[in-house]
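Just the heavy atoms: all of them, side chains too, but no hydrogens, waters or symmetry mates, feed the values below. Keep in mind the model is a prediction, meaning the values are calculated, not measured.
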Amino acid sequence: MREALLALFLSSAEPLSREQLAGIFADDPEYAGWEAALEILLATGEGPMQLIAVAGGYRLQIHPRHHGLLARLHVEAPRPLSKAVLETLAVIAYQQPVTRPEIEHWRGVSVGANIMQQLQELGWIAVVGHRESPGRPALWATTSEFMQHFALASLGDLPVVRTDK
């Protein structure tokens with residue numbers, strides 16, 4: 001049963017939800033113990049892999065204890081994000097849905113179009129609607145790709161922001 005689950009997670013580009021798994025296994029008696037096997041995978045992992053809850057589903061990934069070794073394999077360093085991009089992403093993540101003028105208010109500086117474009121290209125933010133106010137400004141929020149990239153099951157998993165200094 002674990003092998004069947006591993007095969008599904010390895011072949012899926014997106015996290016799989018319990019509902020999707022239930023639909024795949026349906027009422028096939030051969031897969032009757034899939035939920036128990038899922039719980040075991042969540043608790044123990046499988047060799048160098050671990051199963052984590054992200055964005056309303058589950059994703060199989062390499063256990064963090066191997067990241068140092070994998071970094072040697074992937075020698076090209078990722079392009080670092082600027083402080084402005086990270087600040088903008090943080091405002092959107094914690095205040096969503098939020099308009100660009102609201103982001104600028106929180107940051108205290110204007111937000112360049114290139115910052116919003118970079119976050120959109122990464123797939124981490126998207127327009128989720130428009131505010132019913134003059135000009136109907138776009139409302140920005142994080143996406144499931146953001147949740148997956150940062151291994152968040154929900155926005156409640158974001159670190160708590162301390163306002164005391």
Side-chain angles (χ1 to χ4, degrees), residues 5-6 8-21 23-24 38 41-42 45 48-165:
L5 282 169
L6 289 171
L8 289 172
F9 287 117
L10 286 171
S11 65
S12 177
E14 300 294 322
L16 297 172
S17 68
R18 282 186 186 264
E19 293 78 23
Q20 288 173 300
L21 292 170
I24 292 168
L38 178 68
L41 272 176
L42 281 167
M49 298 175 286
Q50 68 176 6
L51 189 64
I52 62 167
V54 292
Y58 302 96
R59 176 180 75 196
L60 197 60
Q61 68 180 28
I62 302 296
H63 196 284
R65 69 177 171 258
H66 301 293
H67 287 179
L69 185 61
L70 294 176
R72 294 182 206 162
L73 175 63
H74 305 288
V75 262
E76 184 179 319
R79 191 173 119 217
L81 298 174
S82 70
K83 183 178 176 184
V85 170
L86 291 173
E87 286 176 358
T88 302
L89 181 60
V91 169
I92 294 169
Y94 282 96
Q95 301 299 320
Q96 64 186 301
V98 62
T99 64
R100 190 163 163 176
E102 291 168 336
I103 297 168
E104 292 172 345
H105 171 76
W106 277 96
R107 287 197 57 227
V109 295
S110 65
V111 176
N114 60 330
I115 292 173
M116 300 301 279
Q117 181 179 353
Q118 185 176 1
L119 289 170
Q120 281 183 289
E121 287 172 358
L122 288 167
W124 293 350
I125 65 168
V127 174
V128 294
H130 292 83
R131 173 126 324 127
E132 293 299 329
S133 63
R136 294 186 35 87
L139 289 168
W140 294 93
T142 56
T143 64
S144 61
E145 286 85 5
F146 166 83
M147 302 291 282
Q148 291 175 38
H149 182 83
F150 291 100
L152 300 169
S154 73
L155 292 173
D157 292 339
L158 286 169
V160 176
V161 177
R162 294 184 53 174
T163 56
D164 60 329
K165 292 186 178 187

Please work out whether the ring planes of His66 and His63 are parallel, tilted or perpendicular, with thresholds of 30° and 60°.
perpendicular
Quick check: closest heavy atoms across Ser17 and Gly56, and the distance to 0.1 Å?
CB-O, 3.5 Å
Which residues pass the side-chain contact (heavy atoms from CB on, under 4.5 Å) test with Leu42, not counting sequence neighbours?
Arg18, Leu38, Glu39, Leu51, Tyr58
Are any of the side-chain heavy atoms of Leu89 and Gln118 separated by less than 4.5 Å?
no
Looking only at heavy atoms, which two atoms of Gln148 and Ala55 are closest? And how far apart?
CG-CB, 4.2 Å
Residue pairs passing the side-chain hydrogen bond (donor to acceptor under 3.5 Å, both in side chains) test with at least one member in residues 138-147, sequence neighbours excluded, are Gln96-Thr142, Thr143-Glu145
Stepwise, does the side chain to side chain contact (heavy atoms under 4.5 Å, CB included) test hold for Ile92 with Met116?
CA-CA 11 Å; Ile92 294 169; Met116 300 301 279; 4.2 Å; yes
Sequence neighbours excluded, every pair satisfying salt bridge (Lys or Arg N to Asp or Glu O under 4.0 Å) that has a member inside residues 91-103:
Arg100-Glu104, Glu102-Arg131
Value rounded to 0.5 Å, distance of NE2 in His67 from CZ in Arg72
14.0 Å
Hey, does Pro64 have a side-chain heavy atom less than 4.5 Å from the side chain of Gln50?
yes
Should Arg59 and Glu14 count as side-chain neighbours, where that means a heavy-atom distance under 4.5 Å?
no
CG (Leu122) and CG (Leu81) are apart, to the nearest 0.5 Å, by 6.0 Å
What is the distance from atom CG of Asp157 to atom CZ of Phe150, rounded to the nearest 0.5 Å?
13.5 Å
Enumerate the residue pairs fulfilling salt bridge (Lys or Arg N to Asp or Glu O under 4.0 Å) with a member in residues 107-118, sequence neighbours excluded, ordered by first and then second residue.
Glu87-Arg107
Evaluate the side-chain proximity of Leu41 to Leu6: yes if any heavy-atom separation is below 4.5 Å, no if none is.
yes
Spatial distance of atom OG1 (Thr88) from atom CD1 (Ile115) [nearest 0.5 Å]:
4.5 Å
Applying ring-ring contact (aromatic ring centres under 6.0 Å, His included) as the test, list every pair that has at least one member in residues 81-106; sequence neighbours left out.
none
Rounded distance [0.5 Å steps], CH2 in Trp124 versus NE2 in His149
4.0 Å
Are His130 and Leu139 packed together at the side-chain level, in the sense that at least one heavy-atom pair is separated by less than 4.5 angstrom?
no
Could you check whether any side-chain N or O of Ser11 sits under 3.5 Å from a backbone N or O of Leu8, counting only pairs where one atom can act as donor and the other as acceptor?
yes
Working to the nearest 0.5 angstrom, can you tell me the gap between Leu21 CG and Leu5 CG?
6.5 Å
Partners of Glu132 by salt bridge (Lys or Arg N to Asp or Glu O under 4.0 Å), sequence neighbours excluded?
Arg136
Would you name the heavy atoms of Val54 and Ala151 that are closest together and state the gap between them?
CG1-CA, 3.5 Å
Tightest non-hydrogen contact, residues Pro134 and Pro137, listed as O-CD, 3.8 Å
Are any non-hydrogen side-chain atoms of Met147 and Leu155 less than 4.5 angstrom apart?
yes
